[in-house]
Amino acid sequence: FEFTDAVALVTRMIVDQPDEKVPKEALALGINLALHPQNAEIMCAERDGNAVSILVRKVVRSRDPLMMKLVRNLTGHEGGRAREAVAQHVRDLVHLAKNTKLPELQIEALGMLGNLVTPSLDWAGLVREYNFP
């Protein structure tokens, strides 16, 4: 994939579709592509660097566990831009993790939150605010 636009194309297929119309095959491919740090950076750079924020907003609206898994995989790399982009939406994601009735979504959301090792987050404050045990 290194010398093609395939990663960017898959990313655009996901972020440009309405929430309910994102092809599951594109999501599955995106999930796997995001496991590689270089691919994750390419994905994050799409839509003028706003692809991660677009994905997070889609997850919050759609409550799609596969889309959350994609965000989780994007945040799994140290030094990548995804963590800071997701940190901007952390309150929405903590709320989603705490209040969802879908265990598969909750697992992915908590795993993604666990990836957010960034100094800009006040984890102690979030734990108190959202009354986590």
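All of these numbers come straight from a predicted model, not from anything done at the bench.
- Heavy atoms only, all atoms of each residue included: Leu110 and Ala97 are closest at CD2-CB, 4.0 Å.
- By the side-chain hydrogen bond (donor to acceptor under 3.5 Å, both in side chains) test, Arg81 pairs with Glu41, sequence neighbours left out.
- For Lys21, the salt bridge (charged side-chain N to carboxylate O under 4.0 Å, His left out) criterion is met by no residue, not counting sequence neighbours.
- Listed by chain and number, the residues in a side-chain hydrogen bond (donor to acceptor under 3.5 Å, both in side chains) with Asn99 are His95 (sequence neighbours excluded).
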Quick one: side chains of residues 27-37, donor-acceptor pairs under 3.5 Å with protein atoms, not counting sequence neighbours, listed by atom name and distance.
from	atom 1	to	atom 2	distance (Å)
Asn32	ND2	Ala28	O	3.1
His36	ND1	Gln38	N	3.1

Assess the residue pair Leu113 and Trp123 against the criterion (side-chain contact (heavy atoms from CB on, under 4.5 Å)); give the C-alpha distance rounded to whole Å, side-chain angles, the decisive distance to 0.1 Å, and a yes or no. CA-CA 10 Å; Leu113 290 168; Trp123 282 111; 4.0 Å; yes
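- Atom CD of Glu78 has 12 or fewer heavy atoms from other residues, nucleotides or ligands within 6.0 Å.
- Between Met13 atom CE and Thr11 atom OG1 the span is 10.0 Å, to the nearest 0.5 Å.
- Applying the salt bridge (charged side-chain N to carboxylate O under 4.0 Å, His left out) test to Glu84 and every residue at least two apart in sequence or in another chain returns nothing.
- Note: the hydrophobic cluster containing Ile107 does not contain Tyr130 (ILVMFWY, side chain heavy atoms under 4.5 Å, direct or indirect links).
- For Pro103, there are no side-chain contact (heavy atoms from CB on, under 4.5 Å) partners, not counting sequence neighbours.
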side-chain contact (heavy atoms from CB on, under 4.5 Å) between Val86 and Leu116, worked out: CA-CA 8 Å; Val86 171; Leu116 296 183; 3.9 Å; yes
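- Taking every heavy atom of both residues into account, His89 and Ser53 meet most closely at NE2-OG, 3.2 Å.
- Take Arg63 and apply the side-chain contact (heavy atoms from CB on, under 4.5 Å) test, not counting sequence neighbours, and it matches Val60, Leu96, Leu105.
- Identified under the salt bridge (Lys or Arg N to Asp or Glu O under 4.0 Å) test for residues 121-130, with sequence neighbours left out: Arg91-Glu129.
- Going from atom CG of Asn39 over to atom CE of Met43 covers 7.5 Å, rounded to the nearest 0.5 Å.
- Paired with Val71 under the rule side-chain contact (heavy atoms from CB on, under 4.5 Å), one option of Met112, Glu108, Lys58 passes, and it is Met112.
- With sequence neighbours left out, the side-chain contact (heavy atoms from CB on, under 4.5 Å) criterion links Arg12 to Ala8, Leu9, Asp16, Glu46, Arg47.
- Partners of Asn115 by side-chain contact (heavy atoms from CB on, under 4.5 Å), not counting sequence neighbours, listed by chain and number: Arg72, Thr75.
- For Ser62, there are no side-chain hydrogen bond (donor to acceptor under 3.5 Å, both in side chains) partners two or more places apart in sequence or in a different chain.
- If you take CE on Met67 and CZ on Arg61, they are separated by 8.5 Å, rounding to the nearest 0.5 Å.
- Among Ile54, Leu55, Val59, the single residue meeting the side-chain contact (heavy atoms from CB on, under 4.5 Å) criterion with Arg57 is Ile54.
- Shown here are the side-chain hydrogen bond (donor to acceptor under 3.5 Å, both in side chains) partners of Gln17, two or more places apart in sequence or in another chain: there are none.
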Run the side-chain contact (heavy atoms from CB on, under 4.5 Å) check on Lys69 and Glu104 step by step: do they pass? CA-CA 9 Å; Lys69 185 166 195 67; Glu104 57 275 7; over 6 Å; no
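- Nearest heavy atoms, Val52 versus Cys44: CG2-SG, 3.4 Å.
- A donor-acceptor contact shorter than 3.5 Å links the side chain of Asp64 to the backbone of Leu66.
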